[in-house]
Number of protein chains: 2
Amino acid sequence: MSRATDRAYAGIRNMILSGELPAGSQLGEEALAERCGVSRTPVRDALRRLEGELLVKRNEAQRSFVAAWSLADVEDAFELRAMLEGHAARRAAERIDDVTLEALRACNNAIGRAVRADPPDVAGFLEGNREFHAVILETAQSRRLASLLGSLIEQPVVWRTAHHYGREALRRSHSEHDELLAAFARRDGAWAQAIMASHIHRAFHAYADAHHGLSAIDGPRSA
Amino acid sequence: MSRATDRAYAGIRNMILSGELPAGSQLGEEALAERCGVSRTPVRDALRRLEGELLVKRNEAQRSFVAAWSLADVEDAFELRAMLEGHAARRAAERIDDVTLEALRACNNAIGRAVRADPPDVAGFLEGNREFHAVILETAQSRRLASLLGSLIEQPVVWRTAHHYGREALRRSHSEHDELLAAFARRDGAWAQAIMASHIHRAFHAYADAHHGLSAIDGPRSA
DNA sequence: CTGCAGTCTATTGTATACAAACGGTCAAGG
DNA sequence: CCTTGACCGTTTGTATACAATAGACTGCAG
């Protein structure tokens with residue numbers, strides 16, 4: 001996208017994630033435009049995009065609000081992600097070539113280095129993790145699947161989870177990726193799918209554990 | 001949505017489906033605005049929506065074109081639909097109450113009447129079918145799932161398939177719905193999921209059979 | 001003849017002004 | 001005091017004008 005639209009999108013997104021705009025608060029186009037330093041037009045584009053990602057919801061009168069995420073919503077998102085990314089992993093395993101496989105190995109090695117650093121390099125882990133999953137999604141060669149997953153993997157609640165991971169959880173994630181690589185090397189789609197689904201489900205429980213009882217740390221959550 | 005945006009959306013969509021705008025042709029915002037009798041603003045909204053549904057694709061320079069659908073693309077869409085609607089059916093089976101179940105039965109009875117009419121009432125079948133699947137999706141109680149499926153079930157290639165169905169295929173579809181109702185009555189999620197997946201896969205093959213060898217009937221298709 | 005560079009045009013991005021619609025409030029009547 | 005209606009303010013929808021950009025074309029030089 002272009003500069004102003006990106007600025008509006010990133011700005012609004014950050015305001016929501018940081019809790020500056022709490023769940024349920026109204027998002028007036030004009031107010032947002034002023035805060036982002038752009039006009040209403042790019043703000044409208046950004047709101048539509050965020051609405052597609054379910055970060056923003058609109059009432060019947062077309063007014064926009066910050067969406068509230070219950071624990072059930074989060075579980076829902078993870079469940080769908082497990083299903084779709086599992087499917088992506090299966091397709092990837094059936095289609096991957098040796099060059100891509102090697103690239104994935106390199107990527108996971110980088111993740112390994114980030115995990116072993118002292119203190120663990122969470123930003124590096126997140127970037128490597130994002131890249132790893134992105135390559136798999138691309139290898140799955142399904143534009144539709146990519147489009148569907150796009151609105152799920154960018155979810156704040158998902159990637160923020162890693163900030164609550166201990167070193168042990170990070171290490172486990174890294175080793176699950178290794179197992180995934182083994183499945184890819186054997187071109188075993190069913191295996192890859194099972195590992196990926198398990199990988200995502202574990203991530204959900206890491207999230208649930210980290211947030212169970214904690215409150216007001218993570219902004220948009222209603223229950 | 002509001003009047004102008006709806007007009008632009010419906011108009012562009014119809015132009016694409018009718019083949020008036022063939023696959024690959026460029027969609028200039030200004031030209032579309034003039035043809036729909038609205039300004040560029042609602043056209044832009046409509047294009048973004050159609051892009052989300054993958055009916056329109058944009059190149060790197062942000063220009064919009066009518067998306068080309070290969071048979072592989074269609075199969076891809078059906079495969080994802082089978083997975084997601086299967087999931088929806090399972091959730092619905094685990095959550096459905098007697099009132100909703102009865103509503104679904106009534107809906108499928110209406111489908112049955114449309115199928116038995118002479119000649120078969122394809123429009124009635126489509127409407128009943130849409131309603132049937134919509135109720136299941138709603139009963140699944142997953143906003144995210146509904147949002148993901150939204151971009152798949154509205155696909156032209158999907159619903160147009162029924163126009164090529166013979167009476168026998170329509171009847172089979174109706175009886176698969178009956179079996180689904182049985183699974184719902186038993187609250188058997190796994191069974192419901194399996195039937196639904198099978199139901200969608202069969203629909204894909206009906207499509208593939210009807211279009212194998214035929215050409216230029218169905219507008220946007222590249223292969 | 002080919003390659004590069006500059007310009008030129010077509011198209012989209014952005015801003016802003018105006019129109020329409022929804023919600024809330026205040027007042028009047030029962 | 002409650003209910004109902006109309007009015008006004010706030011917010012979004014739509015149109016249009018202007019800015020920026022990508023791609024094509026042309027002309028010049030090697």
Side-chain angles (χ1 to χ4, degrees), chain A residues 1-16 20-68 143 147 150 154 220, chain B residues 1-16 20-68 143 147 150 154 220:
Chain A
M1 287 280 176
S2 41
R3 201 174 125 258
T5 302
D6 277 340
R7 203 136 68 101
Y9 174 76
I12 298 169
R13 190 186 163 86
N14 279 340
M15 291 182 211
I16 294 176
E20 191 178 337
L21 293 170
S25 57
Q26 182 168 357
L27 299 168
E29 294 176 357
E30 196 143 14
L32 292 174
E34 194 169 351
R35 289 178 78 166
C36 296
V38 298
S39 82
R40 272 180 57 208
T41 311
V43 167
R44 285 172 64 83
D45 287 349
L47 282 179
R48 284 217 147 68
R49 195 166 148 196
L50 290 163
E51 189 191 356
E53 294 171 10
L54 298 181
L55 244 82
V56 165
K57 85 179 159 71
R58 299 175 86 125
N59 68 5
E60 59 289 345
Q62 300 300 98
R63 268 133 179 104
S64 300
F65 301 86
V66 178
R143 290 209 314 270
S147 149
E154 282 297 321
Chain B
M1 286 281 176
S2 41
R3 199 175 125 257
T5 302
D6 277 340
R7 201 137 68 101
Y9 175 76
I12 298 170
R13 191 187 161 87
N14 279 340
M15 290 183 211
I16 293 175
E20 190 178 337
L21 293 170
S25 57
Q26 183 167 356
L27 299 168
E29 295 176 357
E30 196 143 15
L32 292 174
E34 195 169 350
R35 290 178 76 166
C36 297
V38 298
S39 82
R40 271 181 58 208
T41 311
V43 167
R44 286 171 64 83
D45 287 350
L47 282 178
R48 282 215 149 68
R49 193 164 149 199
L50 291 163
E51 190 190 356
E53 295 171 9
L54 298 181
L55 244 82
V56 165
K57 86 181 159 78
R58 299 174 86 124
N59 67 5
E60 59 290 344
Q62 300 298 101
R63 269 139 180 98
S64 300
F65 301 86
V66 178
R143 290 209 314 270
S147 151
E154 280 297 321

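Chain naming here is simple, since letters A, B, ... match the order of the sequence lines and numbering starts at 1 in each. Note that the structure is a prediction, hence the values are computed from the model and not measured.
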Whole-Å distance separating the CZ atom of A:R48 from the C1' atom of C:dG13: 16 Å
Sole candidate of A:R48, A:R63, A:R40 that passes salt bridge (Lys or Arg N to Asp or Glu O under 4.0 Å) when paired with A:E29: A:R40
Minimum-distance nucleotide (side-chain atoms of A:P42 versus C:dA15, C:dC18, D:dC18): C:dA15
Length of the line joining B:D45:CG and D:dA15:C1', which is rounded to integer Å: 13 Å
Nucleotide D:dG13, atom P - distance to CZ of B:R7 in whole Å: 17 Å
Distance, nearest 0.5 Å, that separates CD1 of A:I16 from OG of A:S25: 7.5 Å
Approximate separation, where rounding is to 0.5 Å, of B:K57 NZ and B:L27 CG: 11.0 Å
For residues 30-39 of chain B, tabulate all N or O donor-acceptor pairs below 3.5 Å that involve a side-chain atom, not counting sequence neighbours.
from	atom 1	to	atom 2	distance (Å)
B:R35	NH2	B:E20	OE2	2.4
B:S39	OG	B:T41	N	3.3

Within the sub-3.5 Å range, which N or O atoms of nucleotides 8-11 of chain C have a protein N or O partner, and how far apart are they?
from	atom 1	to	atom 2	distance (Å)
C:dT11	O4'	B:R63	NH2	3.2

Distance in angstrom units between A:L47 CG and D:dT12 P, rounded: 8 Å
By side chain to side chain donor-acceptor pair (under 3.5 Å) - contacts of B:R7 (at least two apart): none
A:L50, A:V56, A:L21, A:I12 screened by side-chain contact (heavy atoms from CB on, under 4.5 Å) with A:V66, the one that passes: A:L21
Euclidean distance, atom CZ of residue A:R44 to atom P of D:dT11 [Å, nearest integer]: 15 Å
A:R40 CZ - C:dA19 C1' separation (whole Å): 11 Å
Residue-phosphate contact under 4.0 Å: B:R58 side-chain N/O, C:dG13 OP1/OP2: yes
Comparing A:S39 and A:A61 on DNA chain C - which has the more 5′ nearest nucleotide: A:S39
Contact check, side chains of B:D45 and A:R44, non-hydrogen atoms, under 4.5 Å: yes
C:dT14 phosphate, OP1 or OP2, under 4.0 Å from A:R3 side-chain N/O: no
Below 4.0 Å: OP1/OP2 of D:dT16 and any side-chain N or O of B:T41: no
